[in-house]
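The structure under discussion appears below in the form of structure tokens.
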There are 2 protein chains.
Amino acid sequence: MSLNTRAEVLFKTLVQLYIDGGQPVGSRTLARQAGLELSPATIRNVMADLEELGLVESPHTSAGRVPTQLGYRLFVDSLVKVSPLDQKALHMIEDKLTSKHDPQALLASASSLLSEFTHLAGVVTVPKPDHAALRQLEFVRMSKDRILVILVTNEGRVQNQIIGADREYSDSELVEAGNFFNATYGGMSLDDVRHELLTAMERDSRDMHRITQTALEMARQMFQQAEDDAEEELVVSGEANLLEVPEWSDVSKLRDLFSAFKRKRDLLHLLDRSVRTSGIQIFIGDESGYRPLHDCSVISAPYEVDGSVVGTLAVVGPTRMSYERVIPMVDVTARLLSSALRG
Amino acid sequence: MSLNTRAEVLFKTLVQLYIDGGQPVGSRTLARQAGLELSPATIRNVMADLEELGLVESPHTSAGRVPTQLGYRLFVDSLVKVSPLDQKALHMIEDKLTSKHDPQALLASASSLLSEFTHLAGVVTVPKPDHAALRQLEFVRMSKDRILVILVTNEGRVQNQIIGADREYSDSELVEAGNFFNATYGGMSLDDVRHELLTAMERDSRDMHRITQTALEMARQMFQQAEDDAEEELVVSGEANLLEVPEWSDVSKLRDLFSAFKRKRDLLHLLDRSVRTSGIQIFIGDESGYRPLHDCSVISAPYEVDGSVVGTLAVVGPTRMSYERVIPMVDVTARLLSSALRG
DNA sequence: CTTGGCACTCATATCCTGAGAGTGCCAGAC
DNA sequence: GTCTGGCACTCTCAGGATATGAGTGCCAAG
């Protein structure tokens with residue numbers, strides 16, 4: 001699939017023109033815009049070659065050319081020249097991401113920044129807290145039979161849950177239970193704590209101190225429920241931006257897409273794939289392997305906390321998107337989010 | 001605007017037919033469906049009367065009749081017969097709302113239940129916590145210069161915030177600061193606490209104990225930031241359902257609507273109005289007074305905690321919605337949410 | 001008061017036509 | 001061999017004509 005320089009130049013300008021205008025590009029316009037002194041007829045010959053290579057196609061006989069999926073792939077792999085983000089935008093992102101410290105709020109901000117700047121949908125996966133370490137667990141009495149359990153991880157993530165109590169506990173009992181628990185399990189990863197809890201429960205609980213028992217039982221309930229929640233692991237924002245995409249003025253395509261966002265599962269799976277690679281990853285059209293993303297592109301980048309990748313952020317839009325602008329945006333946001341999370 | 005029984009029956013069936021079918025209703029179909037032994041010609045005479053009263057109109061000369069806004073108003077005020085929700089749905093709602101205890105999660109559940117069962121958009125306002133009482137404030141050290149502040153209200157709402165520290169604090173200092181704060185301000189409403197904090201800071205802080213000072217300063221920062229956040233006060237779900245509304249197959253109307261959901265302000269204002277009234281409230285079309293809701297109806301009901309109204313939930317959809325089904329759904333959800341919040 | 005009948009009005013679907021855009025290919029020029 | 005102008009061809013799209021069908025309004029008679 002090696003193209004001579006001329007074909008490459010022509011192909012590149014074709015893609016750019018199409019991305020800008022959304023209209024199939026004819027030989028005439030291409031001749032004017034490409035900066036080469038060639039007649040439309042010559043261009044047509046080149047186009048025929050490109051079509052044979054599968055890089056472009058025409059919607060119908062008399063309609064100019066449009067990049068194919070393969071064409072976009074070539075474009076983003078070796079032709080697109082990503083310009084660095086302009087200073088103003090950069091500062092804005094930085095400001096937004098450093099003004100908050102709460103990790104959950106940070107992810108939400110990142111997602112909405114992505115959607116805002118790209119005018120597409122922004123997506124951020126929420127890292128599973130299992131590998132985070134337990135900093136502190138706290139029991140707070142809400143009413144006779146309801147106790148609020150607050151779990152704080154060393155990343156500053158706060159998770160809270162109200163659990164039912166089997167009997168009435170005094171404030172001091174709860175404090176004591178908390179102290180015991182933190183002394184025993186503080187600093188362990190949530191995964192390990194969960195595991196330890198299960199085995200601790202299995203050991204004969206008769207010979208445990210009452211407070212111990214209380215603490216373990218309540219913590220178990222907490223972890224149980226947290227698991228059940230299956231937690232919303234994806235922050236999506238700016239879906240509404242996709243209403244503006246002209247090629248989707250047909251509502252039925254939008255419906256599919258929106259329900260895909262709602263289901264989350266497939267999308268999550270796709271983004272999980274890109275957790276393992278480092279750096280920007282781009283899925284064009286069918287490459288994602290999911291039907292509703294048929295004519296979408298997904299540009300994703302992993303973000304990290306303290307040097308290890310914990311999640312992915314991405315932008316979802318039509319295949320005809322401005323890769324040139326979106327790629328650096330995703331890149332920068334991932335970097336800045338990572339450093340904001342490190343704090 | 002008093003109608004004789006015959007006109008009333010005809011009008012009612014017209015509205016129902018139109019709500020079901022979405023097509024303007026002609027005299028012929030109406031004659032067949034109304035159960036009265038009348039010829040189409042007679043129906044036409046009645047329709048002319050209804051049109052004069054402003055209850056129905058026809059999109060064009062030969063297109064049957066459609067209820068006007070005024071018509072819908074009459075329909076919901078005195079004609080619609082709300083059937084009680086079926087048992088299966090009732091139990092499902094009850095299950096969903098009693099399985100969680102966390103108030104924030106409850107509101108989210110209520111919103112998604114509304115949208116799921118009505119196939120429209122569900123909206124729930126998040127009560128301002130200002131009137132809630134402070135149960136407990138807690139300071140947790142995250143790193144040298146960052147402290148996590150956790151605020152728990154007596155309703156079980158947990159709010160957390162990471163604030164910067166001017167110096168390094170020891171764990172025991174933080175515990176002590178927390179204890180002091182809770183002893184002093186525990187049980188007061190957040191409003192009052194905020195107010196007290198300001199005046200306390202104004203008093204000469206020189207003669208305060210160091211711990212006191214620490215606690216106050218950090219709490220002040222916490223309240224400050226919480227205020228800045230202006231907190232997302234509206235939980236919207238199922239917007240995507242509105243893509244299915246056939247009369248909005250045109251994307252531009254959807255755009256307006258979606259951006260209205262995003263802005264939230266107007267919607268919030270509208271729902272605030274209905275906090276003050278008790279029971280179901282229905283805004284049909286322009287009655288809401290907001291442009292993007294021009295051809296929407298909003299059905300809202302306040303919900304309460306411990307006997308006093310704290311928020312509103314609502315369903316937003318096209319004026320042509322099944323009031324018969326939606327009204328009881330909103331009603332029931334509001335009731336069940338209230339009782340779930342009471343615990 | 002009700003009804004059948006009839007003329008009338010629109011919206012919608014279908015078909016046709018012409019204009020315009022763009023292609024493919026060929027033959028000739030460089 | 002490469003490029004170019006020219007020409008026939010194809011296909012979309014907009015506009016106009018036509019027909020069809022649904023539904024109304026009104027009138028005159030029961």
Can you label the angle between the A/Tyr72 ring and the A/Tyr18 ring as parallel, tilted or perpendicular, going by 30° and 60°?
tilted

Which pairs count as side-chain hydrogen bond (donor to acceptor under 3.5 Å, both in side chains) when at least one residue sits in residues 20-36 of chain B, sequence neighbours excluded?
B/Ser27-B/Arg44

Taking atom types as modelled, is there a side-chain donor on B/Ser237 or B/Ser112 under 3.5 Å from an acceptor on the other?
no

Only one of A/Val315, A/Leu234, A/Thr312, A/Val235 passes side chain to side chain contact (heavy atoms under 4.5 Å, CB included) with A/Val123, and that residue is A/Leu234

Nearest-Å distance, CD1 (B/Ile43) to P (D/dC26)?
17 Å

After noting the C-alpha distance and the side-chain angles of B/Arg65 and B/Glu57, does the key distance pass the salt bridge (Lys or Arg N to Asp or Glu O under 4.0 Å) rule?
CA-CA 5 Å; B/Arg65 299 305 208 296; B/Glu57 65 191 349; over 6 Å; no

Return the value, rounded to whole Å, for the distance between atom CG of A/Asn4 and atom P of D/dC3.
9 Å

Check the distance between C/dG24's P and A/Glu52's CD and give it to me in whole angstrom.
11 Å

Do NZ/NE/NH1/NH2 and the carboxylate oxygens of A/Arg73 and A/Glu287 come within less than 4.0 Å?
yes

What protein N or O atoms touch nucleotides 27-30 of chain C N or O atoms at under 3.5 angstrom, if any, and at what distances?
none

Sugar-phosphate means primed atoms, P, OP1 and OP2; the rest is base. With that split, encode nucleotides 4-23 of chain C 5' to 3' as B, S or - using protein heavy atoms under 4.0 Å.
BB---BBS---------BBB

Atom pair distance, as rounded to whole Å: CZ in B/Arg6 and C1' in C/dT3
12 Å

Distance check needed: D/dC3 C1' versus A/Leu36 CG, whole Å only.
13 Å

Tell me what A/Gln23 touches on the nucleic acid: a base, only sugar-phosphate, or nothing, going by heavy atoms under 4.0 Å.
nothing

Would you please test B/Glu244 and A/Arg255 for salt bridge (Lys or Arg N to Asp or Glu O under 4.0 Å) and show each step?
CA-CA 8 Å; B/Glu244 318 268 348; A/Arg255 269 200 315 230; 3.5 Å; yes

Donor-acceptor pair, side chain of B/Tyr323 and main chain of B/Thr319, under 3.5 angstrom:
yes

Between atom CZ in B/Arg32 and atom P in D/dA22, what is the gap in whole Å?
11 Å

Tell me: CD of B/Glu37 to P of C/dT3, nearest whole Å?
9 Å

Rounded distance (Å) that lies between atom C1' of D/dG23 and atom CG of B/Leu50
16 Å

Distance alone, cut at 3.5 Å: any donor-acceptor contact between the side chains of A/Thr42 and A/Ser39?
yes

